[in-house]
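Just so it is clear, the model here is predicted, and its values are computed rather than measured. Letters go in sequence order (proteins before strands), and every chain restarts at 1. Because only heavy atoms are used, hydrogens play no part in the values below, and waters and symmetry mates are left out as well, while side chains stay in.
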Amino acid sequence: MFDNPYSTAVLAWYEANARDLPWRRPGASPWSVLVSEIMLQQTPVVRVLPAWEAWMARWPTPADLAAEPSGEAVRMWNRLGYPRRALNLHACARTIVERHGGEVPDSHADLLALPGVGSYTAAAVASFAFGQRHAVLDTNVRRVLARARTGVEYPPKTQTRAEVALAESLVPPEPAVAARWAVAVMELGALVCTARSPACADCPIAGQCAWRLAGKPPYDGPPRRGQTYAGTDRQVRGRLLAVLRESAAPVPKAALDVVWDEPIQRERALDALVADGLVDPLEDGTYALPG
DNA sequence: GAACCGTGGTA
DNA sequence: TTACCAAGGTT
């Protein structure tokens with residue numbers, strides 16, 4: 001087996017250009033890596049940095065978080081978005097304490113069994129925290145491979161088996177090199193091979209990039225539309241939860257009612273938050289973050 | 001497989 | 001201003 005045709009150039013580029021992110025430092029614990037990966041799901045690094053610092057200062061180990069009510073995790077999550085991730089992280093902490101002796105498991109299968117941990121996050125933690133050999137396929141890597149190998153500007157909207165097979169075919173054989181490759185190619189996508197205006201002049205594999213060599217043909221597939229937000233249940237849920245986050249005490253329903261005029265949608269959103277375990281309806285008719 | 005799940009920055 | 005994008009996962 002040989003390393004892929006990009007690895008030498010990408011690894012050298014990473015050595016010189018990697019960001020100094022706290023969860024990448026030598027002393028970073030597997031727990032701190034897991035926290036970073038959950039926080040980074042669909043969320044930019046610049047917004048995760050302060051949240052991660054505060055989280056790790058308060059709950060340096062899974063046991064520290066597991067000892068708290070889940071609502072404290074939701075409150076600490078603040079406005080990072082997708083607050084069920086806070087619930088997931090809290091459930092991860094309890095599972096890690098109850099089933100793994102308080103240590104983040106190192107096997108891909110055990111990681112995958114944790115709530116909120118899918119194939120990407122399991123591979124990322126196994127690779128970054130434990131130095132294992134896995135294909136780590138996130139949105140950055142998908143874009144790099146689409147361009148360099150497939151010759152198109154953007155990957156398909158949903159991940160395909162062909163993309164997984166391609167990513168797996170490029171993983172260097174040595175675990176330590178594979179782990180380095182995983183973080184390096186991801187960083188290349190984040191800093192150089194970006195979605196909007198890629199900096200091909202700074203790219204270490206520009207000479208081997210199928211898309212650039214084809215003259216950078218523009219994307220011609222179906223519209224890659226993002227979800228609209230204004231007026232959706234998600235916006236209502238966000239407002240409702242914000243009220244509870246900002247209140248130290250349980251709030252009367254009237255305090256929730258004022259955040260959205262339309263009662264049908266408001267009730268539906270509140271019911272969904274309760275069903276999701278993000279809101280606790282108390283017996284006296286008030287509402288609170290879960291205990 | 002498509003829809004849903006938050007929030008904020010940028011062009 | 002609207003639309004897209006940001007280290008995805010679950011149903």
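- Comparing atom distances between the Trp23(A) side chain and each of dA7(C), dT7(B), dA6(C) picks out dA7(C) as nearest.
- Leu21(A) comes within contact range of at least one nucleobase, with a heavy-atom separation under 4.0 Å.
- Closest-nucleotide positions on DNA chain C for Leu114(A) and Arg24(A) were compared, and the one nearer the 5' end corresponds to Arg24(A).
- Separation of the Trp55(A) and Trp77(A) ring centroids falls under the 6.0 Å cut-off.
- Between Tyr120(A) atom OH and dA6(C) atom P there is a gap of 13 Å when expressed in whole angstrom units.
- Distance, Leu40(A) CG to dG9(C) C1': 15 Å, rounded to whole Å.
- For the pair Lys157(A) NZ and dC5(C) P, the interatomic distance rounds to 11 Å; values are reported in whole Å.
- Taking the six-membered ring where tryptophan is involved, the planes of Tyr6(A) and Trp181(A) are essentially parallel, since the angle between them stays under 30° and well short of 60°.
- Distance Tyr154(A) OH to dC5(C) P: 5 Å, rounded to the nearest Å.
- Between the side chain of Thr43(A) and the base of dG8(B) there is no donor-acceptor pair of N/O atoms closer than 3.5 Å.
- Scanning both residues, Asp3(A) and Pro172(A), for their nearest heavy atoms gives OD1-CB, 3.4 Å.
- Residue Ala124(A) is classed as having no contact, given no heavy-atom separation below 4.0 Å to the nucleic acid.
- Checking dG9(C), dG8(C), dG8(B) against every side-chain atom of Arg79(A), the shortest atom distance belongs to dG8(B).
- Rounded to whole angstrom, the span from the CG atom of Leu111(A) across to the C1' atom of dG8(C) amounts to 15 Å.
- For the pair Leu89(A) CG and dG8(C) P, the computed distance is 16 Å after rounding to whole Å.
- A residue-by-residue look at Thr158(A) and Tyr82(A) shows that Thr158(A) has its nearest nucleotide of DNA chain B further toward the 5' end.
- Toward the 5′ end of DNA chain B lies the nearest nucleotide of Gln159(A), the other residue of the pair Gln159(A) and Asp276(A) mapping further downstream.
- With 3.5 Å as the limit, one finds a donor-acceptor pair spanning the side chains of Tyr120(A) and Glu37(A).
- At a cut-off of 3.5 angstrom, the base of dC4(C) holds at least one donor-acceptor pair with the side chain of Arg196(A).
- The phosphate of dG8(C) has OP1 or OP2 within less than 4.0 Å of a side-chain N or O from Gln42(A).
- In this structure, Arg47(A) reaches the bases: a heavy-atom distance under 4.0 Å links it to at least one base atom across the strands shown.
- Counting non-hydrogen atoms under 4.0 angstrom, Gly81(A) reaches a base of the nucleic acid.
- Residue pairs meeting the salt bridge (charged side-chain N to carboxylate O under 4.0 Å, His left out) criterion with at least one member in residues 178-195 of chain A, sequence neighbours excluded: Glu15(A)-Arg180(A), Arg19(A)-Glu187(A), Arg24(A)-Glu187(A).
- Atoms CE and OG, on Met186(A) and Ser127(A) in that order, are 7.5 Å from each other to the nearest 0.5 Å.
- With P as the reference atom, dA3(B) and dA7(C) are 23 Å apart, rounded to whole Å.
- What you find for Tyr219(A) and Glu153(A) is that their closest heavy atoms are N-OE1, 2.9 Å.
- Note: CG (Asn78(A)) to C1' (dG8(B)) measures 13 Å, nearest angstrom.
- Between Asp138(A) atom CG and dC5(C) atom P there is a gap of 15 Å when expressed in whole angstrom units.
- Residue Ser119(A) is in sugar-phosphate contact alone, with no base atom involved, counting any heavy-atom pair closer than 4.0 Å across all strands shown.
- Counting non-hydrogen atoms under 4.0 angstrom, Leu241(A) reaches nothing in the nucleic acid.
- Toward the 5′ end of DNA chain C lies the nearest nucleotide of Val45(A), the other residue of the pair Val45(A) and Val117(A) mapping further downstream.
- One P atom belongs to dG8(B), the other to dG9(C), and the distance between them is 23 Å to the nearest Å.
- Closest to the side chain of Arg19(A), out of dA6(C), dG9(C), dA7(C), is dA7(C).
- The residue Thr121(A) sits close only to the backbone: its heavy atoms come under 4.0 Å of sugar-phosphate atoms, none of a base.
- Looking at heavy-atom distances under 4.0 Å, Arg142(A) makes no contact with the nucleic acid at all.
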